[in-house]
Amino acid sequence: MTEAFVVQRETHIAAPRASVFAFLTDPDKIVQWMGTEATTEMHPGGLYLLKGVGSATARGAFREVVPVHRLAYSFGWETNDEVPPGSSLIEIDLIEKDGGTLLRMTHSGLPNEATRASHDKGWAHYLGRLTSVAAGRDPGPDRGPNGTRGAA
């Protein structure tokens with residue numbers, strides 16, 4: 001399998017790593033910046049489940065959980081044949097930098113350029129929201145990356 005279709009993003013967050021990690025792993029905190037419902041089982045093999053702002057639901061399993069440092073989990077969309085549950089991999093590293101946290105994210109295993117571009121747009125939207133909420137700002141209601149509730 002080729003790894004040609006990858007999304008990579010970095011963002012600096014004005015918050016400590018422990019706080020950012022909580023916003024990535026605590027279901028009550030996840031839904032402050034992404035989705036409407038979340039379930040996380042924080043151990044290798046544990047469930048990652050996220051109901052999006054529309055009808056889309058993402059599902060995968062944790063592969064690595066290193067508190068305040070690193071997360072890796074499989075990812076995909078229920079009822080989506082191109083990126084089904086568990087078919088791609090999200091890796092997030094949190095690095096102390098400049099009084100806050102540098103978040104480095106890689107989303108690999110995407111099947112083609114169209115899905116890579118779609119996920120890139122989604123990550124741009126959601127990492128912006130995460131950056132705001134982790135720094136103590138209200139990102140407002142989530143209308144999805146396309147700007148309308150229900151768009152995934």
Side-chain angles (χ1 to χ4, degrees), residues 1-13 15 17-95 101-134 139 141-152:
M1 173 186 229
T2 180
E3 289 297 318
F5 302 108
V6 175
V7 174
Q8 292 183 305
R9 292 215 163 246
E10 282 190 3
T11 188
H12 186 269
I13 302 172
R17 283 187 304 183
S19 178
V20 176
F21 190 83
F23 277 103
L24 293 167
T25 58
D26 178 332
D28 292 334
K29 291 186 178 291
I30 292 170
V31 298
Q32 292 179 36
W33 62 279
M34 178 170 55
T36 60
E37 252 179 79
T39 302
T40 57
E41 297 171 353
M42 298 306 303
H43 57 83
L47 177 69
Y48 174 89
L49 185 71
L50 177 73
K51 181 171 176 5
V53 294
S55 60
T57 298
R59 183 167 41 92
F62 285 96
R63 294 190 183 173
E64 286 182 73
V65 178
V66 182
V68 311
H69 294 282
R70 180 173 169 79
L71 287 174
Y73 53 96
S74 64
F75 180 90
W77 299 99
E78 293 180 353
T79 70
N80 181 315
D81 292 336
E82 281 195 312
V83 187
S87 65
S88 65
L89 179 65
I90 296 170
E91 298 171 276
I92 298 172
D93 291 298
L94 302 176
I95 300 144
T101 302
L102 177 65
L103 181 147
R104 282 192 183 138
M105 184 281 309
T106 301
H107 189 165
S108 59
L110 297 167
N112 55 51
E113 177 54 29
T115 57
R116 190 211 65 78
S118 173
H119 284 82
D120 188 48
K121 181 178 182 178
W123 279 113
H125 171 76
Y126 285 112
L127 289 178
R129 291 177 58 77
L130 171 61
T131 298
S132 291
V133 75
D142 183 11
R143 304 219 181 274
N146 294 320
T148 57
R149 189 170 290 282

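- Nearest heavy atom pair, residue Thr36 against residue Gly52, reads OG1-O, 3.5 Å.
- Between the side chain of Thr131 and the backbone N or O of Leu127, at least one donor-acceptor pair lies under 3.5 Å.
- The aromatic rings of His119 and His107 lie perpendicular to each other, with more than 60° between the two planes, well past the 30° mark.
- The two atoms that bring Arg129 and Trp33 nearest to each other are NE-O, 2.9 Å, heavy atoms only.
- By the salt bridge (charged side-chain N to carboxylate O under 4.0 Å, His left out) test, Arg104 is found to be paired with Glu10, residues two or more places apart in sequence or in another chain being considered.
- Looking at Glu41, its side chain never comes within 3.5 Å of a backbone N or O of Gly46 through a donor-acceptor pair.
- Of all non-hydrogen atoms in Pro145 and Lys121, the two that sit nearest each other are O-CE, 3.3 Å.
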Decide side chain to side chain donor-acceptor pair (under 3.5 Å) for Thr101 and His12; before the verdict, give the C-alpha distance in whole Å, the side-chain angles of both, and the deciding distance to 0.1 Å. CA-CA 6 Å; Thr101 302; His12 186 269; over 6 Å; no
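- Asp26 pairs by the salt bridge (charged side-chain N to carboxylate O under 4.0 Å, His left out) definition with nothing, not counting sequence neighbours.
- A 6.0 Å sphere centred on CD of Glu37 holds no more than 12 heavy atoms belonging to other residues, nucleotides or ligands.
- To the nearest 0.5 Å, the span separating CD on Glu78 from OG1 on Thr57 amounts to 5.0 Å.
- Counting heavy atoms from C-beta on, the side chains of Thr25 and Leu71 come closer than 4.5 Å.
- Ring to ring, Phe62 and His43 are not that close: their centroids are 6.0 angstrom or more apart.
- Looking at His125 and Asn146, their side chains never bring a donor and an acceptor atom within 3.5 Å of each other.
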